[in-house]
Amino acid sequence: MTDDVLDIPFADAFSFDPSPTWARLREEAPAVRVRTLAGARVWLVTRYDDVKLVLADPRFSRAAVVKEGAPRVGVSRPLAGTLPTTDPPEHTRLRGLVSGAFAHRRVERAREWVRELCEGLADDLAAARADGVDLRRVFALPLPIQVICTLLGVPYDDRERFREWVELSYSMEMSERERVEEAMASLLEYMGALVAAKRAEERARERAGERSADLLDELCATSLTHDELVAFALNLLVAGHETSANQITGFVATLLRDRRHWERLVAEPDLVPRAVEELMRFTRLSEVGQLRVALEDVEVAGVVVRAGEGVMASIGSANRDPRAFDAPDELDLARTPNPHLALGAGPHFCLGAQLARIELQEALGVLLRRFPGLRAARPVEELAWRRVLVSGLAELPVALG
């Protein structure tokens with residue numbers, strides 16, 4: 001272990017390839033002190049087994065992350081009392097109330113209309129025609145917004161109202177702290193009003209013997225409190241919007257960086273599901289990691305993390321660990337098995353994992369079929385990355401071929 005305290009994100013973050021610092025830390029200092037943007041000193045773990053331990057072991061708490069005085073990663077602090085910020089048994093209670101809505105068989109029924117959405121957005125791409133059309137703006141961003149608005153019951157016509165608020169909520173620019181706080185307040189106010197209206201509509205439906213129309217309607221009929229409903233809906237809106245948009249953009253850019261990968265999938269479309277899993281492993285989602293707070297002294301990677309100390313688990317680094325993956329820095333579209341941690345591990349494994357997979361599989365499948373000659377209009381290494389908590393390119397100009 002080194003005594004140096006590194007600043008995270010690293011100075012060479014937000015570029016196409018992972019910082020070499022990740023590989024160095026995995027080999028030389030698998031548990032190391034780092035300083036977050038907010039000035040907190042926390043432990044960073046980078047090896048697969050250690051990251052999985054921190055994510056899954058109940059001695060590392062998410063609920064403690066939102067307590068007064070807890071270490072902070074960046075500009076905003078997560079909302080308290082939600083699925084991402086509770087521990088069992090409270091987390092178990094909340095997840096049990098909503099897990100049925102995200103059951104594999106039920107979510108799978110959405111695949112056909114997600115594909116139809118992808119086809120419509122592919123039409124928009126085709127209509128643009130000009131070389132240099134931004135795939136992120138025209139295709140990757142509208143898709144998850146439409147999906148989550150439809151499933152959750154958020155008016156799609158309101159997207160321009162909440163788009164900037166959502167993007168600001170992920171900011172990693174400390175200079176934007178005031179704007180981020182205002183954006184979060186606006187999001188909470190917007191979602192609070194929507195939940196109140198939905199609750200009134202649900203009571204009227206119950207009296208009329210009518211079925212719920214969407215997920216938020218269904219949740220209004222559970223024992224969730226108003227504040228729990230608002231927080232849950234807000235988390236879904238934000239995560240379902242930004243994460244998938246960045247992944248779609250990053251996946252396509254990764255495949256176009258070496259077009260042999262794109263061409264292989266054009267020729268072997270049945271490989272898309274496995275390719276999506278590999279792209280989730282290969283294309284990192286964050287320049288930092290998921291934060292936990294130790295509830296007791298725990299030994300991790302040769303160091304003792306004391307009770308009350310923060311630990312950042314780097315999923316992106318774990319997914320490139322040669323101890324867990326053969327040739328981890330190579331993109332193997334047929335890799336199997338592929339026990340990546342992109343969707344988390346333990347109690348906080350992504351609730352919307354199957355929905356995310358459907359979006360990513362259908363988006364990629366439609367683009368491969370409709371635009372087999374797709375090319376990057378500029379070298380992807382030259383494209384700018386947004387300084388946000390969930391890594392993503394600012395744009396992806398493409399030529400449709």
Original post:
Does Arg320 make a cation-pi contact with Trp22 (under 6.0 Å, within 45 degrees of the axis)?
Top reply: no

Original post:
If you measure from CZ on Arg24 to OG1 on Thr46, what distance do you get to the nearest 0.5 Å?
Top reply: 10.0 Å

Original post:
With a 4.0 Å cut-off, would you call Arg323 and Asp50 a salt bridge?
Top reply: no

Original post:
When rounded to the nearest 0.5 angstrom, what is the spacing between CG in Leu97 and CD in Glu218?
Top reply: 12.5 Å

Subject >> Contacts of Arg105 that satisfy side-chain hydrogen bond (donor to acceptor under 3.5 Å, both in side chains) - sequence neighbours left out >> reply: none

Subject >> SB check Arg281 Glu277 (cutoff 4.0 Å) >> reply: no

Original post:
Looking at Glu287 and Arg284, does any basic side-chain N land under 4.0 Å from a carboxylate oxygen?
Top reply: yes

**OP:** Go through the structure and list residues passing salt bridge (Lys or Arg N to Asp or Glu O under 4.0 Å) with Asp157, not counting sequence neighbours.
**Re:** none

Subject >> Short N-O contact, Glu90 and Arg95, less than 4.0 angstrom >> reply: no

**OP:** List the steps and the verdict of side chain to side chain donor-acceptor pair (under 3.5 Å) for Ser317 and Arg26.
**Re:** CA-CA 8 Å; Ser317 177; Arg26 282 195 302 268; 3.1 Å; yes

**OP:** State which residues pass side chain to side chain contact (heavy atoms under 4.5 Å, CB included) with Leu271; sequence neighbours excluded, sorted by chain then number.
**Re:** Arg264, Leu265, Glu268, Arg274, Leu333, Ala334

Subject >> Distance, nearest 0.5 Å, that separates CZ of Phe162 from CE of Met191 >> reply: 7.5 Å

Original post:
Which of these passes side chain to side chain contact (heavy atoms under 4.5 Å, CB included) with Leu360: Val272, Leu355, Ile248?
Top reply: Ile248

Original post:
How many angstroms lie between atom CG of Leu121 and atom CG of Leu135, to the nearest 0.5 angstrom?
Top reply: 10.0 Å

Original post:
Between Thr82 (side chain) and Phe232 (backbone), is there a donor-acceptor pair under 3.5 Å?
Top reply: no

Subject >> Arg111: salt bridge (Lys or Arg N to Asp or Glu O under 4.0 Å) partners, not counting sequence neighbours >> reply: Glu108, Glu362

**OP:** Go through the structure and list residues passing side-chain hydrogen bond (donor to acceptor under 3.5 Å, both in side chains) with Asp258, not counting sequence neighbours.
**Re:** Arg260

Original post:
Between Arg59 and Asp57, is there a side-chain N and carboxylate O pair less than 4.0 Å apart?
Top reply: yes

**OP:** Output all residues satisfying salt bridge (Lys or Arg N to Asp or Glu O under 4.0 Å) with Glu178, sequence neighbours left out; order by chain, then residue number.
**Re:** none

Original post:
For Pro397, what residues pass the side chain to side chain contact (heavy atoms under 4.5 Å, CB included) criterion, not counting sequence neighbours?
Top reply: Ala377, Arg378, Leu383, Glu395

Original post:
Taking NZ, NE, NH1 and NH2 as the nitrogens, is one of them in Arg163 or Glu160 under 4.0 Å from a carboxylate oxygen of the other?
Top reply: yes

Original post:
Under the side-chain hydrogen bond (donor to acceptor under 3.5 Å, both in side chains) test, which residues partner Arg259, sequence neighbours left out?
Top reply: Glu263

Original post:
Considering all heavy atoms of both residues, which atom of Asp12 and which atom of Ser19 are nearest to each other, and what is their separation?
Top reply: OD1-OG, 2.7 Å

**OP:** Please list, chain by chain and in numerical order, all residues satisfying side-chain hydrogen bond (donor to acceptor under 3.5 Å, both in side chains) with Arg386, sequence neighbours excluded.
**Re:** Glu242

Subject >> Pairing residues for Ala399 by the side chain to side chain contact (heavy atoms under 4.5 Å, CB included) criterion, not counting sequence neighbours >> reply: Asp131

Which pairs would a plain distance check flag for residues 138-156, meaning a side-chain donor or acceptor within less than 3.5 Å of a matching protein atom at least two apart in sequence or in another chain?
from	atom 1	to	atom 2	distance (Å)
Thr150	OG1	Gln146	O	2.7
Tyr156	OH	Arg159	NE	3.4

**OP:** Working to the nearest 0.5 Å, report the span between CG of Leu367 and CG of Leu125.
**Re:** 6.5 Å

Subject >> Pair Arg335 + Asp326: basic N to acidic O under 4.0 Å >> reply: no

Original post:
Under 4.5 Å between any side-chain heavy atoms of Glu228 and Leu94, yes or no?
Top reply: yes

Original post:
Do Asp123 and Arg370 sit within salt-bridge range, that is, some charged N less than 4.0 Å from a carboxylate O?
Top reply: yes

**OP:** Mind checking side chain to side chain contact (heavy atoms under 4.5 Å, CB included) for Tyr48 and listing every partner two or more places apart, or none if nothing turns up?
**Re:** Lys52, Ala318, Asp321, Ala324, Phe325, Pro339, Leu341

Original post:
Angle class for the His348/His91 ring planes (parallel below 30°, perpendicular above 60°, tilted otherwise)?
Top reply: tilted

